[in-house]
Amino acid sequence: MSDLQVFLPDESRRELAEGATAGDLAASVGARLAREAVAARVNGELLDLSVALRDGDHVAIVTGESDDGRDVIRHSTAHVMAQAVTRLWPGAHLAIGPSVRDGFYYDFALPGGAHFSDDDLERITTEMRSIIAEDQPFARVELSLEEGRELFALQPFKREILEALSTTPTDEDLAESGASVVTAYSNSESFVDLCRGPHVPSTARLGHFTLTRVAGAYWRGDERRPQLQRIYGTAWESAAALNSYLDQLAEAERRDHRRLGHEMDLFSFPSEVGPGLAVFHPRGGVMRRALEEHSRQRHERSGYEFVYSPHISRAELFETSGHLTWFPERMFPPMTLDEGQRYYLKPMNCPFHVLIYRSRPRSYRELPLRLFEFGSVYRFEMSGALQGLTRVRGMTQDDAHIFCTRAQMSEELARTLQFVLDLLRDFGLEDFYLELSTRPGAKAVGSDEEWSEAEAILARVARDAGLELVLDPGGGAFYGPKISVQARDAIGRTHQISTIQLDFQTPKNFDISYVSALNERECPIMIHRALFGSVERFLAILIEHYAGNLPTWLCPEQVRVLGVRDDHDDFAHAVAERLRQSGIRVTVEAANEPLGARIRRAKVEKIPYVVVVGDDDVAQDTLGVNARGSNDPQRGVPVGEFLDRVAREVASHSLPEAS
RNA sequence: GCCUGGGUAGCUCAGUCGGUAGAGCAACGCAUUCGUAAUGCGUAGGUCAGGAGUUCGAAUCUCCUCCCAGGCUCCA
């Protein structure tokens, strides 16, 4: 007898008995699906498999191999972790335990203010394994608010969540269900957790997880509220998926620019200088110079003019610009000089560029005026936020400020965006999307009309660029909205690189103007833009993108010449000199070790070309070429031919051809 | 800033119960002269991050400071 009809994603119908659940549906489709099912999407909503279906429902069975499925697995694993922690630390308070990208976490407050240590992860893991082995069902319970308050009387964070739900029923689902029903999941008689769900049907569906680290986290992310103990983990639908994720992590670690930067002798952070302050070594210096020089040339060709400004300034400048109002805590404390004058290290270049603009009257004929500077800025980042070259206290921005009229603004933005993308492509980044950050709630200055206009223009320019556009509501700076260019690197991570910001405010703060064609005094618009973000961070991204195997034009050492025996060393030096005269960065390593050992060293150092010269080469003016990434060296290549090849590659910014 | 973990030779790491500081690689020296990913022998290298304390004696135990790594609302 079948008195219930549901629709599958392919619109086919399925007859089921009255009272059938999503789990029953999965079973009716096939044993394999039933085995792999973790949840169901019913009429678009992600629900437990135990949900009773109604006539006419559209149902998609969710398996572990989907994003939805992994979310459910991770969320359920977090739940199991909470149960394990509760068993090991009776009286622990539970906060929240969501799934996050690639994993999950759960926040706890342990009795007596105890902390987790790394060793605890193993104990918790063991406890979790036994909970999973117990094959506990995740039983959904619906409660009234009052019942919820009673059930979680001893859980202050859960209570706070309940109170928040009762006073702000903003969530649509809750509004629909009357805002008075909350749900909990009970795994066993001894463990119940307030949770929206859905969950896998039973703990036995879990198991491919690893607890990764312990951390502190403030309740609700607010440093004025209690600090909780957080445990992060990752969980997947299969052992293979888990291992592949762990391999990815290992690959990211191999590419880490801090490790490579040290190994390749590019830069360091001497503790004598201070945290977050890097020094560049000669090899890193070569790389940096090549990058900056290329950027300079591109800017020159694109109509930018080059300016310079000092690293410190009187407080007045940053009072006018608003920096001291909006983020004084991010600036280094001032030094007070004679007569009580306060001087600050500059956190941004824009105020200086505005003063350059203001140094004399400007005509509309000069606009757009594009001022560029490799400007070093200093920001007092929280010590815990510092991270290699990507988050530092001293950095150099490839910063420019464009002053233009309102009428020019749209075209100038489009042009700037195109320029950004072209330049990034020169460095081998190809995969982009754009993010539009709009008005931040409280901190924004300026009128609503200005903001709407600016946001609309940016949105149009972004759309016209033909790239994927993601919205970041409220992510703009206090003075204007921005477009940021996000780039995906070789292992699929995304980095925010360039930003283009519109600013109506600073020109007003500094009261700058130009004389229009109608001989009237007008206020220009300012566009802030940094393409690399900071030179340091961009280098870090490139190092990781290429795993240290940089394109030849950026390599500190492009060619290393090795003589087979030491009586070939003179010829090796002669070859090197010819390459050097063509602008190639080349060294010679003398033949006092076996050739294989010297080749190995050069390979380990990621030199693009190892050149070997022996008897035949001396006789015929040729060389042997062993390119990076190749195990198949070429012999008898004419010196001139090799020289052209490297020169061509440098000019085209490409990687060595692994022939 | 706060939480957890860490800091031993240039690098990667060992160092037991508190009892004279260890290895491999790198560096340097000598020998070796070799055609595409590790030649042999030898030498040198240390305020065990820094400071204070406990102790007959501290890399090791205690406290303080510095630095590094991960984390600090992708919401029940």
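- A distance of 3.5 Å separates NE2 in A:H75 from SG in A:C195, rounded to the nearest 0.5 Å.
- Nucleotide B:A23 forms a pair with B:U12, judged by Watson-Crick or G-U wobble geometry with both contacts under 3.5 Å.
- Between the CG atom of A:L562 and the P atom of B:U39 there is a distance of 13 Å, given to the nearest Å.
- One atom, CD of A:Q387, and another, P of B:A69, lie 7 Å apart when rounded to the nearest Å.
- Ring planes of A:F642 and A:Y609: perpendicular class, angle over 60° (limits at 30 and 60°).
- B:G35 makes up no base pair with any nucleotide shown, lacking Watson-Crick or G-U wobble contacts both under 3.5 Å.
- An OP1 or OP2 oxygen of B:C3 is reached within less than 4.0 angstrom by no side-chain nitrogen or oxygen of A:H115.
- For the pair A:R196 and B:A76, the criterion of a side-chain N or O lying under 4.0 Å from OP1 or OP2 is met.
- B:G42 and B:C34 have their P atoms separated by 25 Å, given to the nearest Å.
- Rounding to whole angstrom units, NZ of residue A:K603 and C1' of B:G35 are separated by 14 Å.
- Between the CZ atom of A:R220 and the P atom of B:C74 there is a distance of 12 Å, given to the nearest Å.
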Can A:Y232 and A:Y106 be said to form a ring-ring contact (aromatic ring centres under 6.0 Å, His included), step by step?
CA-CA 7 Å; A:Y232 277 92; A:Y106 212 114; over 10 Å; no
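- A sub-4.0 Å separation between OP1 or OP2 of B:G1 and a side-chain N or O of A:Y218 is absent.
- The base of B:C2 sits with one of its N or O atoms less than 3.5 Å from a complementary donor or acceptor on the side chain of A:Q227.
- Each of A:S383 and A:G614 lies near RNA chain B, and the nucleotide nearest A:S383 is the one positioned closer to the 5' end.
- Taking the six-membered ring for Trp and the full ring otherwise, A:F191 and A:H79 have centroids separated by under 6.0 Å.
- Pairing for B:C30 is with B:G40, a Watson-Crick or G-U wobble pair whose two hydrogen-bonding atom distances lie under 3.5 Å.
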